[in-house]
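Let me begin by presenting the structure, written as structure tokens, before commenting on it.
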Amino acid sequence: MYFWLMKSEPDELSIEALEKDRRARWDGVRNYQARNYLRDMQEGDLFLFYHSSCALPGAAGIARIAASAYPDPTAIDPQSPYHDARATPQANPWSAVDVEFVECFPQVIPLARLREEDALSEMPLLKKGSRLSVMPVTAGQWQRIVELATGRSNY
DNA sequence: GCCAACGTTGGC
DNA sequence: GCCAACGTTGGC
């Protein structure tokens with residue numbers, strides 16, 4: 001079991017929308033490093049749902065990988081904003097996973113708050129200039145963030 | 001292989 | 001809207 005963090009613009013998919021729908025496809029990732037992490041995910045892995053490009057960027061909740069990586073259908077869909085003209089059904093370089101809702105944090109843990117934690121300073125999320133949208137989270141980082149968010153000392 | 005130009009990300 | 005920083009593209 002591994003821990004991850006994935007960024008989403010709440011206008012596209014928020015933790016609240018996932019709570020309502022229970023399950024969603026996580027698609028549109030168009031960066032090779034992020035894609036490789038998607039491919040490393042296993043059903044049952046947990047991830048921090050991070051809201052980006054919004055009024056209050058930060059960790060908003062927890063979700064779970066419901067289906068491991070498969071070819072991202074949006075890459076070969078000409079109608080999709082994520083369409084990639086070089087992708088074909090036979091050779092689709094992009095991957096998607098399915099995710100399911102676990103919990104909303106009582107309050108979003110803002111990016112600025114995460115930055116105050118020495119224990120989190122190694123997270124790619126907090127490194128200057130990092131734009132990676134899918135990243136691994138260590139057990140220690142996971143525990144610290146869940147504790148900040150919920151008061152629970154363990155998950 | 002180098003590197004300038006470009007488009008994108010994402011916080012502020 | 002601004003802009004720093006990044007990844008990708010494509011000419012050479």
Side-chain angles (χ1 to χ4, degrees), chain A residues 2-21 24-41 45-65 68-99 101-138 140-150:
Chain A
Y2 292 97
F3 298 114
W4 307 93
L5 180 148
M6 296 208 280
K7 297 180 189 173
S8 178
E9 298 185 18
D11 288 350
E12 281 286 317
L13 177 68
S14 66
I15 186 78
E16 291 82 8
L18 183 62
E19 178 171 24
K20 190 155 154 283
D21 295 345
R25 187 176 67 210
W26 202 283
D27 55 27
V29 171
R30 295 293 177 268
N31 167 281
Y32 284 106
Q33 191 179 357
R35 181 210 65 180
N36 291 343
Y37 285 136
L38 285 181
R39 291 180 176 182
D40 289 338
M41 293 175 176
D45 284 357
L46 296 172
F47 68 95
L48 291 163
F49 196 121
Y50 180 90
H51 285 172
S52 68
S53 293
C54 57
L56 184 61
I62 294 173
R64 182 188 296 117
I65 304 303
S68 59
Y70 56 91
D72 181 352
T74 66
I76 56 171
D77 175 4
Q79 305 307 314
S80 170
Y82 304 119
H83 180 238
D84 178 354
R86 294 166 301 187
T88 66
Q90 293 73 32
N92 182 348
W94 302 115
S95 297
V97 296
D98 288 349
V99 304
F101 176 78
V102 175
E103 69 172 291
C104 276
F105 290 149
Q107 310 156 111
V108 171
I109 308 301
L111 178 61
R113 179 69 186 87
L114 297 174
R115 288 195 191 284
E116 291 173 6
E117 292 291 313
D118 287 343
L120 303 178
S121 62
E122 292 306 310
M123 295 184 74
L125 177 75
L126 305 179
K127 297 269 185 178
K128 186 181 178 190
S130 172
R131 302 186 318 196
L132 192 59
S133 64
V134 179
M135 68 193 75
V137 172
T138 69
Q141 292 161 350
W142 180 271
Q143 229 163 281
R144 187 72 197 109
I145 294 171
V146 170
E147 191 178 354
L148 278 176
T150 69

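Within every chain, numbering begins at 1; the chains are lettered A, B, ... in the order of the sequence lines, protein sequences first and strands thereafter.
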> To the nearest 0.5 Å, what is the distance between CD1 (A/Ile62) and CZ (A/Phe3)?
Replying inline: 8.5 Å
> Where along residues 112-136 of chain A does a heavy atom fall under 4.0 Å from DNA chain B?
Replying inline: A/Arg131
> Going through the checks in order, is the side-chain contact (heavy atoms from CB on, under 4.5 Å) test met by A/Tyr82 and A/Asp72?
Replying inline: CA-CA 10 Å; A/Tyr82 304 119; A/Asp72 181 352; 5.5 Å; no
>> One pair to check against side-chain contact (heavy atoms from CB on, under 4.5 Å): A/Val99 and A/Ile65. What are the steps and the verdict?
In response: CA-CA 5 Å; A/Val99 304; A/Ile65 304 303; 4.2 Å; yes
> Are A/Ser52 and A/Arg131 close enough, and set up right, to give a side chain to side chain donor-acceptor pair (under 3.5 Å), and what steps lead you there?
Replying inline: CA-CA 11 Å; A/Ser52 68; A/Arg131 302 186 318 196; over 6 Å; no
> If you look at every heavy atom in A/Leu18 and A/Ala63, which pair is closest and at what distance?
Replying inline: CD2-CB, 3.8 Å
> What are the bounds, 5' to 3', of the part of DNA chain C that sits under 4.0 Å from heavy atoms of chain A?
Replying inline: C/dA5 to C/dT9
> Yes or no on side-chain contact (heavy atoms from CB on, under 4.5 Å) for A/Met123 and A/Leu114, after CA distance, side-chain angles and deciding distance?
Replying inline: CA-CA 10 Å; A/Met123 295 184 74; A/Leu114 297 174; over 6 Å; no
>> Mind checking if A/Arg35 touches a base, just sugar-phosphate, or nothing, with heavy atoms under 4.0 Å?
In response: nothing
> Is the distance between the ring centroids of A/Tyr32 and A/Trp94 under 6.0 Å?
Replying inline: yes
> CH2 of A/Trp26 to CZ of A/Phe47: how many Å apart, nearest 0.5 Å?
Replying inline: 4.5 Å
